[in-house]
**Q** 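My questions all concern the structure below.
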Amino acid sequence: MKLSIVVPCFNEEQALPYFFEETEKVIQSMDIDREYIFVNDGSSDQTLKVLKEFNELYPEIVHYVDFSRNFGKEAALYAGLIYTTGDFVTVMDADLQDPPELLPKMYELIVNQDYDCVGTRRANRSGEPIIRSFFAIQFYKLINKISQTEMVNGARDFRLMTRQMVDAILKLSEYNRFSKGLFSWVGFKTTYLSYENKERVAGETSWSFWSLFKYSLEGIINFSNAPLLLSAWMGVVSFAISIVMMIFIVVRTIIFGNETSGWTSMVTIMLLIGGIQLLGIGVLGQYIGKIYLEVKKRPVFIIKEFH
Ligand code: UDP
Ligand code: MG
């Protein structure tokens, strides 16, 4: 039996030595072969050099993929999964926020309890800015209402999967990748382990509030048609209202004659309708933008070097 460990790395030169040491300790205590697939996602620091050193020290178990630029964590995960050969695959962050100590338990659950996937979720959101927690919770509430694909609140990407599940994920070769959704979309029997949130061992997070916000919109657009439906409904409602208003105005003019008033109300209505239309077009545009990127069939990532 072999375990593949996929690690996306973006400017992780400081964290990587800790990560490797800790993870090795845990895996050596498990009765299983291992291989590491590190993906250097266009780091601007010495991450690649560190990976090359690992590779020289342990050429049998350490492999690395070097991207031609930064393609984002989703692309790095995808590339890593493609190169795995193990019977079981885990994806882990390089900053030790995904505690390797959980691996034996996860492995045990898959082997003995017949799960296909064991994911992890944070037990709570302590240590996170309050506003961020608030928006995160709202996001999960919203997406679970409007999408068929279940997204578990606080679930991390850190998970252990069987080969079968990984192959299923690799079949989804879409350009717009929202992994949290893809992992859930493929199905399979999944359970979650909770753990206390951990601080990064070194380096800095690459996510700002704004980038998380945009990421959540990605999730909504990639896994739900609700915004489209909403804008269609707004169109129906404003159409219905305008019919009623039309009849009202025509009848009023026939009965009372036309005294050329109502400029204010007319401008207000025009602005309202115009606003609704622009909003509808904007929503539509988001989906068309996604289609545009899909049909171009650009590769999800470009590899400069592979070892
Ligand atoms: N990462 C990546 N490409 C990116 C951003 C991040 O491969 O463009 C990796 C990063 O090296 C880390 C993981 O994704 O291993 C999670 O990133 P980070 O720790 O910054 O996110 P957080 O844990 O704060 O959500
Ligand atoms: Mg992190």
Side-chain angles (χ1 to χ4, degrees), residues 4-23 36-51 54 62-84 89-100 102 119-129 131-133 135-137 139-140 151-159 175-180 182-183 195-216 218-219 300-306:
S4 304
I5 302 130
V6 173
V7 192
C9 312
F10 177 61
N11 294 343
E12 300 283 10
E13 62 173 0
Q14 290 166 351
L16 274 172
Y18 296 106
F19 168 83
F20 192 57
E21 193 188 336
E22 291 294 313
T23 314
Y36 292 84
I37 318 274
F38 290 100
V39 182
N40 177 29
D41 185 13
S43 302
S44 53
D45 65 358
Q46 298 297 313
T47 299
L48 182 64
K49 200 171 140 240
V50 177
L51 295 180
F54 288 171
V62 174
H63 312 286
Y64 64 85
V65 180
D66 184 32
F67 281 180
S68 62
R69 65 168 169 85
N70 178 259
F71 282 89
K73 184 183 175 186
E74 305 289 341
L77 276 183
Y78 183 51
L81 290 180
I82 289 176
Y83 285 103
T84 56
V89 176
T90 178
V91 284
M92 299 177 80
D93 286 1
D95 55 12
L96 280 180
Q97 278 186 310
D98 299 334
L102 290 177
T120 56
R121 54 185 299 190
R122 31 207 285 192
N124 54 49
R125 292 186 171 273
S126 63
E128 195 183 54
I131 300 186
R132 186 175 290 198
S133 299
F135 277 102
I137 291 166
F139 166 74
Y140 281 107
M151 314 237 179
V152 177
N153 184 355
R156 298 191 48 95
D157 286 340
F158 179 31
R159 56 186 59 229
Y175 182 82
N176 296 289
R177 305 189 72 78
F178 186 73
S179 290
K180 278 183 205 310
L182 299 180
F183 286 139
Y195 70 95
E196 283 293 321
N197 196 27
K198 296 213 167 182
E199 292 288 319
R200 234 173 191 285
V201 60
E204 269 170 36
T205 176
S206 36
W207 293 90
S208 64
F209 182 80
W210 180 236
S211 60
L212 278 174
F213 182 73
K214 284 195 293 192
Y215 186 62
S216 65
E218 289 284 296
V300 177
F301 54 85
I302 291 169
I303 291 177
K304 189 172 155 201
E305 194 181 330
F306 170 71

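Just so it is clear, the model here is predicted, and its values are computed rather than measured. Order of appearance sets the numbers: ligands from 1, and atoms from 1 within every ligand. Values reported hereafter were calculated over all heavy atoms of this structure, with side chains retained and with hydrogens, waters and symmetry mates removed.
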**Q** Rounded to the nearest 0.5 Å, what's the gap from OG on Ser68 to CD on Glu305? Could you check?
**A**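 Rounded to the nearest 0.5 Å, the OG-CD separation comes to 12.0 Å.
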**Q** Which residue and non-hydrogen atom of the protein lie closest to atom 5 (C) of ligand 1, and at what distance in Å?
**A**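 Heavy-atom neighbour on the protein nearest atom 5 (C) of ligand 1: Ser206 OG, 3.3 Å.
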**Q** Note the single closest protein heavy atom to atom 24 (O) of ligand 1, along with its residue, its atom name and the distance in Å.
**A**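 In this structure, atom 24 (O) of ligand 1 has Thr205 OG1, 2.6 Å as its nearest protein heavy atom.
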**Q** Report yes or no: does Thr120 contribute a side-chain atom to a donor-acceptor pair with the main-chain N or O of Phe158 at less than 3.5 Å?
**A**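 Yes, because the side chain of Thr120 sits within donor-acceptor range (under 3.5 Å) of the backbone of Phe158.
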**Q** For Ala94, is at least one N or O under 3.5 Å away from an N or O on ligand 1?
**A**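 Min N/O separation from ligand 1 is below 3.5 Å for Ala94.
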**Q** Tell me whether Tyr83 at atom OH has more than 12 heavy atoms from other residues, nucleotides or ligands lying less than 6.0 Å away.
**A**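 More than 12 heavy atoms, drawn from other residues, nucleotides or ligands, come within 6.0 Å of this atom.
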**Q** For Asp93, take its heavy atoms, then give the atoms of ligand 1 lying under 4.0 Å from any of them.
**A** 13 (C), 15 (O), 16 (C), 23 (O)
**Q** Can you establish whether the number of heavy atoms outside Tyr195 located under 6.0 Å from its atom OH is more than 12?
**A** yes
**Q** Are the aromatic ring centres of Tyr64 and Phe54 under 6.0 angstrom apart?
**A**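 They do not qualify: ring centres at least 6.0 Å apart.
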**Q** Considering only the protein, which heavy-atom contact is closest to atom 14 (O) of ligand 1, and what is its distance?
**A**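 Checked against all protein heavy atoms, atom 14 (O) of ligand 1 sits closest to Lys73 CD, 3.2 Å.
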**Q** Can you list the ligand 1 atoms lying under 4.0 Å from a non-hydrogen atom of Cys9?
**A**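 Ligand 1 atoms under the 4.0 Å threshold to Cys9: 7 (O), 11 (O).
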**Q** In terms of residue, atom name and distance, what is the protein heavy atom nearest to atom 18 (P) of ligand 1?
**A**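 Closest protein heavy atom to atom 18 (P) of ligand 1: Arg200 NH2, 3.5 Å.
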**Q** Looking at atom 7 (O) of ligand 1, what's its closest protein heavy atom, distance included?
**A**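 Here the closest protein heavy atom is Pro8 CB, 3.4 Å.
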**Q** Step by step, work out the side-chain hydrogen bond (donor to acceptor under 3.5 Å, both in side chains) result for Ser179 and Glu74.
**A** CA-CA 6 Å; Ser179 290; Glu74 305 289 341; 2.3 Å; yes
**Q** Which atoms of ligand 1 sit under 4.0 Å from any heavy atom of Asp41?
**A** 2 (C), 3 (N), 4 (C), 7 (O), 8 (O)
**Q** For atom 21 (O) of ligand 1, find the nearest protein heavy atom and state the residue, atom name and distance (0.1 Å precision).
**A**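 Answer for atom 21 (O) of ligand 1: Trp207 CD1, 3.1 Å.
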**Q** Nearest heavy-atom pair of Asp98 and Val91: which atoms, and what distance?
**A**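 Smallest interatomic distance, heavy atoms only, reads OD2-O, 4.5 Å.
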**Q** Answer with side chain, backbone, both or neither: which part of Asp95 has a heavy atom less than 4.0 angstrom from an atom of ligand 1?
**A**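 Looking at Asp95 and ligand 1, just side chain atoms fall under 4.0 Å.
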**Q** Counting heavy atoms not belonging to Phe213, are there more than 12 under 6.0 Å from its CZ?
**A** no
**Q** Verify, without hydrogens or angle tests, whether Asp95 (side chain) and Gln97 (backbone) share a donor-acceptor contact under 3.5 angstrom.
**A**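 Present.
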**Q** State the atoms of ligand 1, each with its element, that fall below the 4.0 Å cut-off from a heavy-atom position in Gln97.
**A**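 That gives atoms 19 (O), 22 (P), 23 (O) of ligand 1.
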**Q** For Asn11 and Ser44, indicate whether the former's side chain and the latter's backbone hold a donor-acceptor pair under 3.5 Å.
**A**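 Pair found, side chain donor or acceptor close to backbone of Ser44.
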**Q** Using heavy atoms and a threshold below 4.0 Å, how should the contact between Val39 and ligand 1 be classified: side chain, backbone, both, or neither?
**A** neither
**Q** Considering only non-hydrogen protein atoms, determine which one is nearest to atom 8 (O) of ligand 1 and report residue, atom name and distance to 0.1 Å.
**A**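 Result for atom 8 (O) of ligand 1: Asn70 ND2, 3.1 Å.
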**Q** So which of the N, O or S atoms of Asp95 lies nearest the Mg ion (ligand 2)?
**A**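 The atom in question is OD2.
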**Q** Among all protein non-hydrogen atoms, which one is nearest to atom 1 (N) of ligand 1, and what is the separation to 0.1 Å?
**A**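 Answer, as residue, atom name and distance: Phe10 CB, 3.7 Å.
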**Q** Is it the side chain, the backbone, both or neither of Glu12 that has a heavy atom closer than 4.0 Å to ligand 1?
**A** side chain
**Q** Could you pull out the closest heavy-atom pair between Phe178 and Met151, with the gap in Å?
**A**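 Scanning both residues, the minimum pair turns out to be CE2-SD, 3.7 Å.
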